[in-house]
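The structure under discussion appears below in the form of structure tokens.
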Amino acid sequence: MLTRLLLIIQCMLVLSIGVLGIDKTYRLRGTIVPNEVLKDVSQITTRATAIVNGGEQRGFIQSDGSFVVDNLELGDSLLEITAVDYVFPKIHVRISIKEHDDSTAGDGRASIAARFIQVGSEWSEDTPLLGYPLQIGASGKYDFFTPRQGFDIVAMFSNPYMLMVGASLVAVFLLPKLQANMDPEAMKELQNKS
């Protein structure tokens, strides 16, 4: 009888947690939109992902550019779009419960505020809000190949190895000329000492 009562209390507790919204998570939606950098969204590879907080949650980008990230909790998060060939801006996402007073009938739904951020800077409220669902365009394209550099005589002679070779050549050709111009008595002294 006691075990049955404890089981009923546990069930009521679990149900009340679900009804009260404790451990409630939210969903973030967005779309990759074409721009002058990324003209066709289907060019993004299948490995492109939307990552929140460095990998705590992630969502895959579909062929039409849409993405969904589930299981986000209330608070601040950092959204990053990772793709092999394209660079996307980082976005500060704040999920909060909408405030309401007695005159408005609020239902306690979540509000999502998103802003572009600069890497290394503080999250500021001064930057303008983005619309929801998010629409993100690529800000650049990765360039993995560098063009081959041409011949540059200045770069060649500023190389430390070339400077050592130059000093050795000066020593080889200039020191015998200095010895030929020496005083013969000083030359005999040097030969006697060695």
Side-chain angles (χ1 to χ4, degrees), residues 28 30-69 72 75-94 114-130 134-194:
L28 178 67
T31 305
I32 304 298
V33 294
N35 59 10
E36 58 275 351
V37 176
L38 175 64
K39 297 187 182 351
D40 184 16
V41 178
S42 64
Q43 291 176 351
I44 296 177
T45 63
T46 56
R47 294 185 304 185
T49 57
I51 297 175
V52 175
N53 292 337
E56 287 179 10
Q57 289 85 18
R58 67 180 58 226
F60 293 100
I61 297 175
Q62 306 300 317
S63 60
D64 63 348
S66 64
F67 63 89
V68 175
V69 181
L72 294 178
D76 293 329
S77 301
L78 178 67
L79 172 68
E80 301 173 82
I81 305 295
T82 59
V84 174
D85 294 330
Y86 295 95
V87 180
F88 290 90
K90 294 179 177 15
I91 297 175
H92 168 222
V93 178
R94 176 171 286 158
R115 294 177 168 87
F116 289 124
I117 64 163
Q118 294 286 333
V119 176
S121 66
E122 303 244 347
W123 290 355
S124 168
E125 300 293 326
D126 298 337
T127 56
L129 288 173
L130 302 174
L134 300 174
Q135 293 189 346
I136 306 168
S139 59
K141 184 172 170 115
Y142 287 120
D143 187 16
F144 295 107
F145 300 103
T146 57
R148 187 175 186 160
Q149 293 181 353
F151 180 73
D152 185 13
I153 192 82
V154 174
M156 185 177 86
F157 283 113
S158 64
N159 186 339
Y161 292 114
M162 287 301 291
L163 292 174
M164 288 185 347
V165 167
S168 300
L169 288 175
V170 166
V172 166
F173 289 111
L174 193 59
L175 286 179
K177 300 250 186 223
L178 288 175
Q179 284 181 348
N181 292 335
M182 267 181 88
D183 185 31
E185 293 176 6
M187 184 72 120
K188 286 183 183 179
E189 274 185 37
L190 284 175
Q191 288 175 355
N192 289 339
K193 285 184 181 178
S194 58

Side chain S139, main chain V87, donor-acceptor under 3.5 Å: yes
Please list every donor-acceptor pair under 3.5 Å in which a side-chain atom of residues 144-151 meets a protein atom from a residue at least two apart or in another chain.
none

Check K39 against E36 and note the closest heavy-atom contact, atom names and distance. NZ-O, 2.7 Å
Closest heavy-atom pair, P89 versus G137, reported as atoms and distance to 0.1 Å, is CD-O, 3.5 Å
Residue that, paired with I91, satisfies side chain to side chain contact (heavy atoms under 4.5 Å, CB included) out of V52, I136, L78: I136
Heavy-atom closest contact (I51 atom, G54 atom, distance): CG2-C, 3.7 Å
Under 3.5 Å, which donor-acceptor pairs link side chains of residues 155-169 to any protein atom two or more places apart or in another chain?
{"unit_1": "S158", "atom_1": "OG", "unit_2": "V154", "atom_2": "O", "d": "3.2"}
{"unit_1": "S158", "atom_1": "OG", "unit_2": "A155", "atom_2": "O", "d": "3.0"}
{"unit_1": "N159", "atom_1": "OD1", "unit_2": "Y161", "atom_2": "N", "d": "3.2"}
{"unit_1": "S168", "atom_1": "OG", "unit_2": "M164", "atom_2": "O", "d": "3.0"}

Short question: side chain of N35, backbone of A138 - any donor-acceptor pair under 3.5 Å? yes
Can you sort out the partners of L175 under side chain to side chain contact (heavy atoms under 4.5 Å, CB included), two or more places apart, ordered by chain and number? A171, L178
Hey, what do you get for CG (D76) to NE2 (H92), rounding to the nearest 0.5 Å? 3.5 Å
Listed partners of T82 passing side-chain hydrogen bond (donor to acceptor under 3.5 Å, both in side chains), at least two apart: T49
Nearest 0.5 Å, please: how far is CD1 in I81 from CD1 in I32? 4.5 Å
Testing the basics here: between Y142 and A83, what is the closest heavy-atom pair and its distance to 0.1 Å? CE1-O, 3.8 Å
Please name all residues satisfying salt bridge (Lys or Arg N to Asp or Glu O under 4.0 Å) with K90, sequence neighbours left out, ordered by chain then number. E80
Identify all side-chain donor-acceptor contacts of residues 55-63 below 3.5 Å with residues at least two apart in sequence or on another chain.
{"unit_1": "Q57", "atom_1": "NE2", "unit_2": "N71", "atom_2": "O", "d": "3.3"}
{"unit_1": "Q62", "atom_1": "NE2", "unit_2": "F60", "atom_2": "O", "d": "3.4"}

What are the two closest non-hydrogen atoms of V41 and V33, and how far apart are they? CG2-C, 4.1 Å
Taken to the nearest 0.5 Å, the spacing of S77 OG from R94 CZ works out to 10.5 Å
Approximate separation, where rounding is to 0.5 Å, of N53 CG and L72 CG: 8.0 Å
Tell me the closest heavy-atom pair linking V37 and Y86, and the distance in Å. O-CE2, 3.8 Å
